[in-house]
Every structure is written in C-alpha cells, then in structure tokens.
K.L.:
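Structure in structure tokens, see below.
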Amino acid sequence: MTAPLEMVVVGAGHRARDAFGPYAKAYPDEVRFVAVAEPNRVRREQFAKRFNIDATMCFESWEELLARPQLAPALLNLTQDQLHVASTIPALERGYHVLLEKPMAQTPAECVALVQTAERTGRMLQISHVLRFTPFFSTLHALIHSGRLGQIISVEHRENIVYWHMAHSFVRGNWRKLATSSPLILAKCCHDMDILFWNHGPAKRLSSFGSLMHFRPENAPAGAPPRCTDGCPAADDCPFYAPRIYAGPDGAWPRAVISEHDSVEARMDALRTGPYGRCVYHCDNDVVDHQVIALELESGVSISMNFVGHSHREGRTLRIDGSRATLRGKFIAGEYAIEIADHLTNTTEAIKVEGARSGHGGGDFGLMRAFVQALRANQSETLTSARNSLESHLLAFAAEEARVSGRVVQMNDYRERVLR
C-alpha cells in the first residue's frame with residue numbers, strides 16, 4: 001500500500017478547515033498533514049488537534065516553518081492574498097511542491113515571478129482553480145470540444161454573488177480594499193476567467209465597465225450607526241443587518257469564520273467588536289460591486305462576462321450559442337444543470353451532471369486529488385499549474401485596467417508589457 005503524501009499547511013483558516021482539510025479526513029491513505037503554520041493560536045491548536053499534528057510541528061508563522069529543513073514533499077499555502085508571493089517563493093526554493101490558493105498574487109509581475117520560480121526550481125506550483133475539477137465544468141468542457149454545438153459564436157457568462165456574500169467578503173471582510181487585497185474581478189472572478197480561457201482559448205482584446213454603486217455612505221438609511229449592534233433604526237428593513245446573517249443556530253459558512261468559537265453568543269460578541277458587525281454603508285471598502293467585461297477572442301468568439309454582487313442566489317449561469325446548438329447551464333449549489341437545444345431537430349436534451357461531493361461543486365476534493373496524483377506520478381504539469389493559470393490572472397488584471405482607464409486593452413500588447 002502506498003504511503004499517504006505528507007503535506008505541511010500554511011494558514012489554518014476556513015479553507016484549511018472546511019475545504020481541503022476534509023479531504024485528508026476522507027482519504028487518510030492519500031494525504032497526511034504533518035505541520036501547520038498559523039498566527040492565530042486558537043486556529044492553530046484546533047487544526048493540530050483535528051489532524052494529530054505534534055506540538056513541535058506547529059509554528060506561528062510561515063517564516064518559522066520555512067526556517068526549518070524541508071518537512072514534507074508538499075506545502076498547502078492558504079495565506080491571505082498579500083502573503084502569497086512572500087511565502088511561496090521561499091517554499092519553492094526550499095524544495096516544496098506547492099498548492100496555492102487563488103489568486104496567485106496581487107500584481108501581474110508577481111504572478112510571472114511565481115511561474116518563473118516554479119519552473120526554475122523544478123517544483124510543481126498548482127493554483128486552486130477548483131472549477132476545472134468539478135463534474136459540471138468537466139462535462140461542459142467535454143461538450144464544447146466534442147463539436148456538438150458546432151462552431152462557437154458567442155458566450156454569456158454570469159458570476160452571481162449573493163447579496164450577503166458580497167457584504168461578508170467584499171464590504172466587511174478581507175477582500176474589501178484594493179490596497180490590502182486584489183481587484184474583485186481577480187479575487188473572485190479569476191475562476192471565471194480561467195474557465196473561459198480553458199474552454200474557448202485566448203483573448204484578443206477586451207473592455208470593461210463597473211463601479212462601487214451601492215455600499216457607500218450616502219446610501220445609508222437615516223440614523224444608521226457605525227455598527228448593526230448599536231441599535232440601528234433600519235434593522236427590520238435592511239437585508240445586510242449583521243445579526244440576522246451571522247447569529248443563526250449553526251456554524252456554517254460564513255458564520256464559522258467570524259469567531260473561533262461556534263456559538264451564537266460568541267458570534268454576537270464578534271459582531272459587537274469585529275469587522276463583520278459594521279454597517280455596510282460605513283465600512284472602508286473600495287472594491288466594485290458590479291462589473292461587465294466584453295472579450296473578443298483570437299478565434300473570433302465574443303464573450304460577455306458579468307458579475308453582480310446583489311444577486312438573490314449564489315452561483316454561475318451561462319449560455320453558449322454555436323452554429324448547431326445552444327447550451328444553457330446553471331452552476332448553483334444543489335442545482336447543477338446543462339441543457340442543449342439542437343438547431344436541426346428543434347429538440348432539447350438535459351445533460352446529466354454528477355452531484356457534488358465536496359465544496360465548490362466538488363472542486364475542492366477534485367483539486368486535492370489531482371495534486372496528490374500528479375506528485376505520485378512525478379508529473380511536471382497539471383491542469384491548473386501556475387503556467388496554465390497565468391492567463392486567467394492576466395485577463396483579470398487587464399479587465400481592471402480597462403475599467404479604470406476606459407480604454408480597450410489589446411491582450412498581445414498587454415502580455416508583452418507584463419512579461420517585460
């Protein structure tokens with residue numbers, strides 16, 4: 001029997017605990033966590049206890065962990081965006097193969113530096129573009145490339161961020177400011193850019209429009225205090241009222257991440273003192289809450305990519321029009337559907353899509369399995385290697401440049417500029 005792949009974990013927050021950690025529990029013969037680095041003592045101790053990590057292998061920082069001789073073949077890097085480059089480059093140079101949370105980095109030049117470091121050191125650097133590993137998008141990819149739709153003419157793709165997720169992550173939370181995180185089109189939608197590139201090929205040019213419209217002080221209800229817990233007069237009418245979102249009976253996401261302890265009392269205390277209890281109209285956020293990107297591909301296909309932070313449901317919806325058939329898809333938790341309307345027969349067929357067995361529509365477990373299998377097979381390339389994932393990041397950065405400048409971005413010129 002093959003021994004499990006040993007792995008060290010940097011960052012023991014929600015993604016480690018609820019996305020990738022469960023894979024090690026479900027498949028202990030494939031993965032074993034042997035060390036953890038996490039500055040938050042409670043999270044560090046909880047993670048170590050759950051995965052039986054010895055106290056001598058628990059570190060307060062990634063610097064402390066990487067100061068030691070290499071502890072395992074692989075490293076799972078789940079730090080915040082601004083730490084990705086600083087922690088990943090020395091990990092690769094230390095000898096670790098790295099599975100890195102997306103986005104890779106906060107600037108195009110840093111993304112290129114990560115790719116070059118992985119290739120120079122001969123280490124695998126896989127990016128957590130989990131959607132490629134879902135049954136839904138794997139099925140979609142196969143259908144597109146089967147020729148059943150004929151020549152692809154146009155694509156409509158929507159990333160629908162449910163209103164409370166937008167408030168949690170991009171108004172109150174860690175991804176609310178450009179200076180400390182990334183443009184929202186990168187932080188959230190590099191998944192979507194990756195899927196579009198994977199399915200349809202490289203872009204020739206793009207334009208983009210969007211802004212921060214709603215979550216601004218001038219839109220606050222009359223008399224709204226800085227915190228929802230300070231007696232807001234609009235509590236009954238505001239869909240973003242924090243106690244309603246976070247004080248439920250269970251510790252499901254996003255409730256699970258606002259306090260280290262899973263109880264209504266602990267969460268309410270966090271709302272009174274922490275960032276997630278703030279009024280959404282009195283935060284320090286500056287990222288957009290809606291954006292549209294128009295792309296013309298090298299193949300001639302036109303794509304409209306739209307994200308909105310005010311949806312009633314979380315998920316992705318899409319339409320692909322080909323010369324022989326039209327495909328419509330819905331990637332929403334618990335509702336994965338693809339149907340094809342044939343132009344010749346005028347009939348519609350529902351395509352069977354396998355159900356999800358983990359988070360992100362099954363992508364979390366699919367990504368971990370692919371990483372483990374690639375290392376065991378000594379592969380030099382993976383489906384979401386840093387090199388394969390670079391284009392999606394460049395598309396997102398280019399879209400942000402187009403949005404801010406109001407200009408059309410020529411992608412060949414943009415790529416050359418970045419690589420220089």
K.L.:
Hydrogens and angles aside, do Tyr276 and Arg267 bring a side-chain donor and acceptor to less than 3.5 Å of each other?
P.N.:
no
K.L.:
Measuring only between side-chain heavy atoms, which start at C-beta, is Pro243 closer than 4.5 Å to Cys228?
P.N.:
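In contact.
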K.L.:
If you measure only the distance, is there a donor-acceptor pair under 3.5 Å linking the side chains of Asn306 and Glu159?
P.N.:
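Judged by distance alone, the side chains do not pair up.
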K.L.:
Do the non-hydrogen side-chain atoms of Leu318 and Val155 ever get within less than 4.5 Å of each other?
P.N.:
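The answer is no, as the side chains (C-beta and beyond) never meet within the 4.5 Å cut-off.
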K.L.:
Give a yes or no on whether the backbone of Thr79 and the side-chain of Asn77 come within a donor-acceptor separation of less than 3.5 Å.
P.N.:
yes
K.L.:
Taking side chain to side chain contact (heavy atoms under 4.5 Å, CB included) as the definition, give me every residue that meets it alongside Ala16, ordered by chain and number, with sequence neighbours left out.
P.N.:
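Partners of Ala16 by the side chain to side chain contact (heavy atoms under 4.5 Å, CB included) criterion, ordered by chain and then number, come out as Val9, Phe47, Leu78.
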K.L.:
Can you say whether the rings of Tyr281 and Phe240 are parallel (under 30°), tilted (30 to 60°) or perpendicular (over 60°)?
P.N.:
perpendicular
K.L.:
Ignoring hydrogens, what is the shortest heavy-atom contact between Gly210 and Arg403? Give both atom names and the distance.
P.N.:
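The answer is O-NH1, 3.2 Å.
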K.L.:
Minimum heavy-atom separation for Ala105 to Leu114, with atom names?
P.N.:
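For Ala105 and Leu114, the tightest heavy-atom pair comes out as CB-CD1, 4.2 Å.
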K.L.:
Got a second to check how far Asn160's CG is from Thr317's OG1, nearest 0.5 Å?
P.N.:
4.5 Å
K.L.:
Can you list every side-chain hydrogen bond (donor to acceptor under 3.5 Å, both in side chains) pair that touches residues 60-74, not counting sequence neighbours?
P.N.:
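As it turns out, the side-chain hydrogen bond (donor to acceptor under 3.5 Å, both in side chains) pairs with a partner in residues 60-74, which skip direct neighbours, are Ser61-Glu63.
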K.L.:
So, using side chain to side chain contact (heavy atoms under 4.5 Å, CB included) as the criterion, who are the partners of His282 when residues are at least two apart?
P.N.:
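By the side chain to side chain contact (heavy atoms under 4.5 Å, CB included) rule, His282 matches Ala220, Ala224, Cys279.
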K.L.:
Check whether any side-chain N or O of Arg132 sits under 3.5 Å from a backbone N or O of Leu383 as a donor-acceptor pair, and report yes or no.
P.N.:
yes
K.L.:
Identify, with sequence neighbours excluded, every residue that meets side chain to side chain contact (heavy atoms under 4.5 Å, CB included) alongside Ile245.
P.N.:
Trp164, Arg172
K.L.:
Please find the pair of heavy atoms, one from Ile185 and one from Gln291, that lie closest to each other, and give the distance.
P.N.:
CB-OE1, 3.7 Å
K.L.:
Does Ser169 reach the main-chain N or O of Met166 with its side chain, forming a donor-acceptor pair under 3.5 Å?
P.N.:
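No, because the side chain of Ser169 does not come within donor-acceptor range (under 3.5 Å) of the backbone of Met166.
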K.L.:
Does Arg176 pair with Asp284 as a salt bridge, N-O distance under 4.0 Å?
P.N.:
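So Arg176 pairs with Asp284 through a salt bridge.
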K.L.:
Apply the test salt bridge (Lys or Arg N to Asp or Glu O under 4.0 Å) to residues Lys49 and Glu45: give CA-CA distance (whole Å), side-chain angles for both, the deciding distance (0.1 Å), then the verdict.
P.N.:
CA-CA 6 Å; Lys49 180 179 179 180; Glu45 292 176 354; over 6 Å; no
K.L.:
Here's one to test your reading of the geometry: is the NZ or CZ of Lys25 within 45 degrees of the ring axis of Phe51 and under 6.0 Å from its centre?
P.N.:
yes
K.L.:
Keeping the roles fixed (side chain from Asn388, backbone from Thr382), state whether a donor-acceptor pair exists under 3.5 Å.
P.N.:
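Present.
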K.L.:
side-chain contact (heavy atoms from CB on, under 4.5 Å) between Phe59 and Leu71: does it pass, once the steps are laid out?
P.N.:
CA-CA 12 Å; Phe59 305 94; Leu71 302 174; 3.9 Å; yes
K.L.:
Donor-acceptor pair, Glu110 side chain versus Val85 backbone, under 3.5 Å?
P.N.:
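No: the side chain of Glu110 does not pair with the backbone of Val85.
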K.L.:
For side-chain contact (heavy atoms from CB on, under 4.5 Å), just list the numbers for Leu100 and His84, CA-CA rounded to whole Å, side-chain angles, deciding distance to a tenth of an Å, and then say yes or no.
P.N.:
CA-CA 8 Å; Leu100 176 63; His84 285 182; 3.8 Å; yes
K.L.:
Tell me which pairs pass ring pair (Phe, Tyr, Trp, His ring centres under 6.0 Å) where either residue lies in residues 385-420, with sequence neighbours left out.
P.N.:
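The answer is His129-His393.
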K.L.:
Atom CZ of Arg369 and atom OH of Tyr23: how far apart are they, to the nearest 0.5 Å?
P.N.:
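Separation between the atoms: 4.0 Å.
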K.L.:
Which residues pass the side chain to side chain donor-acceptor pair (under 3.5 Å) test with Asp289, sequence neighbours left out?
P.N.:
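Side chain to side chain donor-acceptor pair (under 3.5 Å) check on Asp289 returns His310.
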K.L.:
Side chains of Tyr163 and His312: closer than 4.5 Å at any heavy-atom pair?
P.N.:
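No - every pair of side-chain heavy atoms lies 4.5 Å or more apart.
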K.L.:
Any Lys/Arg nitrogen of Arg319 or Asp321 sitting under 4.0 Å from an Asp/Glu carboxylate oxygen of the other?
P.N.:
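Counted as a salt bridge, because a side-chain N and a carboxylate O are separated by less than 4.0 Å.
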K.L.:
Looking at Ile340, is its backbone amide N or carbonyl O close enough to the side chain of Arg328 to form a donor-acceptor pair, meaning the two atoms are under 3.5 Å apart?
P.N.:
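No: the side chain of Arg328 does not pair with the backbone of Ile340.
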K.L.:
Without swapping roles, check the side chain of Arg278 against the backbone of Ala242 for a donor-acceptor pair under 3.5 Å.
P.N.:
no
K.L.:
Could you tell me whether the side chain of Glu30 reaches within less than 4.5 Å of the side chain of Pro4, counting heavy atoms only?
P.N.:
no
K.L.:
Just to verify, what does Thr117 make a side chain to side chain donor-acceptor pair (under 3.5 Å) with, not counting sequence neighbours?
P.N.:
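Residues passing side chain to side chain donor-acceptor pair (under 3.5 Å) with Thr117: none at all.
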K.L.:
Does any pair with a residue in residues 90-99 pass side-chain hydrogen bond (donor to acceptor under 3.5 Å, both in side chains), and if so which ones, sequence neighbours excluded?
P.N.:
Glu93-Arg120, His97-Arg123
K.L.:
Centres of the Tyr246 and His168 rings: under 6.0 Å?
P.N.:
yes
K.L.:
Please determine whether the number of non-hydrogen atoms from other residues, nucleotides or ligands lying under 6.0 Å from atom CZ of Arg244 exceeds 12.
P.N.:
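For Arg244, atom CZ is crowded (more than 12 foreign heavy atoms under 6.0 Å).
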K.L.:
Would you say the side chains of Gln82 and Thr180 form a donor-acceptor pair under 3.5 Å?
P.N.:
no
K.L.:
Taking the six-membered ring of Phe307, is the NZ or CZ of Arg158 close enough (under 6.0 Å from the centre) and on axis enough (within 45°)?
P.N.:
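That pair does not qualify as a cation-pi contact.
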K.L.:
Using only atom types and a distance under 3.5 Å, with no angle test, would you say the side chain of Asn219 pairs donor to acceptor with the backbone of His214?
P.N.:
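Yes: the side chain of Asn219 pairs with the backbone of His214.
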K.L.:
How about CZ on Arg376, more than 12 heavy atoms from neighbouring residues, nucleotides or ligands closer than 6.0 Å, or not?
P.N.:
yes
K.L.:
Supply the atom-to-atom distance Ile53 CD1 to Met57 CE, rounded to the nearest 0.5 angstrom.
P.N.:
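Ile53 CD1 to Met57 CE: 8.5 Å, rounded to 0.5 Å.
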K.L.:
State which residues pass side chain to side chain contact (heavy atoms under 4.5 Å, CB included) with Arg407; sequence neighbours excluded, sorted by chain then number.
P.N.:
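Residues passing side chain to side chain contact (heavy atoms under 4.5 Å, CB included) with Arg407: Ser405.
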K.L.:
Under a 3.5 Å distance rule, please check whether Glu38 uses its side chain to pair with a backbone N or O of Ala12 as donor and acceptor.
P.N.:
yes
K.L.:
Under the 3.5 angstrom rule, does the side chain of Ser207 hit a backbone N or O of Leu295 as a donor-acceptor pair?
P.N.:
no
K.L.:
Which residue pairs satisfy the ring pair (Phe, Tyr, Trp, His ring centres under 6.0 Å) criterion with at least one member in residues 314-341, sequence neighbours excluded?
P.N.:
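Sorted result for residues 314-341: Phe136-Phe331, Phe137-Phe331, Phe331-Tyr336.
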K.L.:
Hydrogens and angles aside, do His343 and Thr326 bring a side-chain donor and acceptor to less than 3.5 Å of each other?
P.N.:
yes
K.L.:
Name the one of Leu186, Asp192, Asp194 that satisfies side chain to side chain contact (heavy atoms under 4.5 Å, CB included) with Cys190?
P.N.:
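Looking at Leu186, Asp192, Asp194, the match for Cys190 under the side chain to side chain contact (heavy atoms under 4.5 Å, CB included) is Leu186.
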K.L.:
For Trp198, which residues count as a side chain to side chain donor-acceptor pair (under 3.5 Å) partner, sequence neighbours excluded?
P.N.:
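Applying side chain to side chain donor-acceptor pair (under 3.5 Å) to Trp198 gives none.
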K.L.:
Side chains of His191 and Lys102: does their closest heavy-atom pair fall under 4.5 Å?
P.N.:
yes
K.L.:
Sequence neighbours excluded, which residues qualify as salt bridge (charged side-chain N to carboxylate O under 4.0 Å, His left out) partners of Glu6?
P.N.:
Arg32
K.L.:
Roughly how far, to the nearest 0.5 Å, is CG of Leu149 from CG of Leu143?
P.N.:
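Reported to 0.5 Å precision, the distance equals 7.0 Å.
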K.L.:
Can you see whether Ser211 engages His290 through a side-chain donor-acceptor pair at a distance of less than 3.5 angstrom?
P.N.:
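Yes, side-chain donor-acceptor contact under 3.5 Å.
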K.L.:
Between Asn40 and Glu260, does a side chain to side chain donor-acceptor pair (under 3.5 Å) hold up when you go through it step by step?
P.N.:
CA-CA 9 Å; Asn40 183 299; Glu260 278 77 37; 3.1 Å; yes
K.L.:
Salt bridge check: are Glu296 and Arg205 linked by an N-O gap of less than 4.0 Å?
P.N.:
yes
